[in-house]
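Quick note on labels: first sequence line is chain A, next is B, and so on, each numbered from 1.
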Number of protein chains: 2
Amino acid sequence: MRSDAARNRETLVRAAGDALAESGLDVPVAAIADRAGVAKGTVFRHFASKDELVVTVVAGLIDDLASRAEALLSEPDPLVALRDFVAAGVELQARDLAFCQVAATAEQQVPGLGDRRERLEQIAEVLAGRAREARAVRDDVTGRDVVGLMTAAYQGASAAGDPSRWPWFLSVLVDGLRPRPHRDAPR
Amino acid sequence: MRSDAARNRETLVRAAGDALAESGLDVPVAAIADRAGVAKGTVFRHFASKDELVVTVVAGLIDDLASRAEALLSEPDPLVALRDFVAAGVELQARDLAFCQVAATAEQQVPGLGDRRERLEQIAEVLAGRAREARAVRDDVTGRDVVGLMTAAYQGASAAGDPSRWPWFLSVLVDGLRPRPHRDAPR
DNA sequence: ACCTGAACACCGTTCAAGT
DNA sequence: ACCTGAACACCGTTCAAGT
């Protein structure tokens with residue numbers, strides 16, 4: 001690849017990252033091209049479709065999140081690790097509209113992120129497993145559930161009319177994860 | 001209004017309701033017109049824009065949900081009433097893709113539903129107030145929060161890869177609403 | 001090899017022509 | 001008064017022409 005092409009590609013990814021974070025998945029390709037200072041056609045020389053560019057950007061966001069999650073593996077308190085992981089995902093949704101949309105129902109709309117999703121689920125499963133073993137959470141909490149908690153907390157707060165209320169939703173969810181007392185046991 | 005026009009309008013709303021439930025907010029106007037057996041232009045004779053047609057349909061769904069919620073006012077157990085209300089909202093999301101999208105971040109995308117939202121929040125506030133007074137939930141739960149729980153439960157399950165798992169998310173959320181023990185009290 | 005911008009397809013919206 | 005379908009604007013995508 002020629003050096004000017006490599007530079008254009010990188011500029012495009014950065015411009016797309018900014019535009020997607022601000023304006024979400026519906027941002028026109030022309031707006032991204034303008035921001036990068038290239039013609040529309042150049043976008044399609046580097047990416048087969050708008051979706052492929054979106055996937056490149058969002059995959060980078062998920063990779064960053066996964067790295068942060070791996071750092072939490074050294075947190076001694078398993079419930080704190082779990083909560084901080086979910087909080088990191090929620091903060092990313094608050095900061096990046098495109099990720100927020102992908103994390104919500106849009107996930108079906110943007111295929112090609114399956115592998116990143118799996119990586120995230122695997123780390124989440126380790127965190128969930130430690131919390132289960134420590135009896136800090138219900139024994140039926142899976143890694144997938146933990147990933148779902150990120151979306152639940154932010155979308156819940158957002159639907160309640162105040163996205164900044166997400167810590168409240170997160171605390172409700174984390175409280176709700178605690179092991180349930182055996183109600184069917186004899187009193 | 002001429003009787004044929006009234007019939008067309010009603011056919012359009014029904015066709016739009018079906019198409020939106022199945023295919024979501026991105027369903028083309030042409031698909032709705034086809035399903036109703038009219039020309040595209042007729043849609044815009046009855047509705048100023050696609051959005052106005054969408055609002056008409058979704059407002060009807062929310063009105064139905066609000067009616068179901070009002071029926072729950074006669075439920076004696078306030079926590080059961082709260083849970084059933086949220087469950088009704090979740091089931092609507094599972095059944096209707098357009099409502100699901102509106103309940104998620106799309107709410108900003110479809111304005112004109114503010115009044116319906118308020119009605120729902122008011123009923124939710126009554127249900128929340130009863131549960132608070134009965135000490136069945138934390139004393140900081142608002143009606144808006146309860147509306148947010150509907151989205152949180154469904155979007156959480158959906159993001160966890162299995163929308164049918166929503167009852168699990170709902171049970172976690174409802175458990176999490178229980179009054180927190182005073183941790184700062186002397187042991 | 002790469003970039004550009006004109007051209008095309010698709011979809012929401014408008015409107016002149018019909019009934 | 002209402003309906004129709006051609007026409008227009010917008011945006012994702014393609015590609016012939018340039019460098």
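Regarding B:Leu25, its CG atom lies at a distance of 15 Å from the C1' atom of C:dC11, rounded to whole Å. Residue B:Phe44 contributes atom CZ, which lies 16 Å from atom P of D:dA6 at whole-angstrom precision. A:Ile32 places its CD1 atom 14 Å from the C1' atom of D:dT13, with the value rounded to the nearest Å. Rounded to an integer number of Å, the gap from CZ of B:Arg45 to P of D:dG5 is 16 Å. Taking atom NZ on B:Lys40 and atom P on D:dT4, their separation rounds to 13 Å, with Å as the unit. Going from atom CG of B:Asp4 over to atom C1' of D:dA1 covers 8 Å, rounded to whole Å. Straight-line distance from the CG atom of B:Asp34 to the P atom of D:dT4: 11 Å, rounded to whole Å. Protein atom CD of B:Glu52 is 10 Å distant from nucleotide atom P of C:dT13, rounded to whole Å.
By the rule that hydrophobic residues join a cluster once side-chain heavy atoms approach within less than 4.5 Å of another member, B:Met1 and B:Val13 end up as members of separate clusters.
Taking side-chain N and O atoms only, B:His46 has a distance below 4.0 Å to OP1 or OP2 of D:dC3. The side chain of B:Asn8 places an N or O atom within less than 4.0 Å of a non-bridging phosphate oxygen (OP1 or OP2) of D:dC3. For B:Thr42, no side-chain nitrogen or oxygen approaches OP1 or OP2 of D:dC3 to under 4.0 Å.
Heavy atoms from other residues, nucleotides or ligands lying under 6.0 Å from CD of B:Glu52 number more than 12.
Pair assignment for D:dG5: C:dC15, on the basis of Watson-Crick or G-U wobble contacts that are both within less than 3.5 Å.
Ranking D:dC2, C:dC11, C:dC2 by closeness to the B:Arg2 side chain, first place goes to D:dC2. Among D:dC2, C:dT4, D:dT4, the nucleotide with an atom closest to any side-chain atom of B:Ala39 is D:dT4. Listed candidates were C:dG5, D:dC3, D:dT13. Nearest to the side chain of A:Lys50 is D:dT13. Distance from the side chain of A:Val38 is smallest for C:dT4 among the nucleotides D:dC2, C:dT4, C:dG12. The B:Met1 side chain lies nearest to D:dC2 when the options are D:dT13, C:dG12, D:dC2. The side chain of B:Ala5 has D:dC3 as its nearest neighbour among C:dC3, D:dC3, D:dT14.
Between the side chains of A:Asp145 and A:Thr142, at least one donor-acceptor pair of N or O atoms lies under 3.5 Å. Counting only N and O atoms by type, the side chains of B:Ser164 and B:Asp162 include a donor and acceptor under 3.5 Å apart.
Under the side chain to side chain contact (heavy atoms under 4.5 Å, CB included) test applied with B:Leu149, the options B:Leu177, B:Val141, B:Val174 reduce to a single match, B:Leu177.
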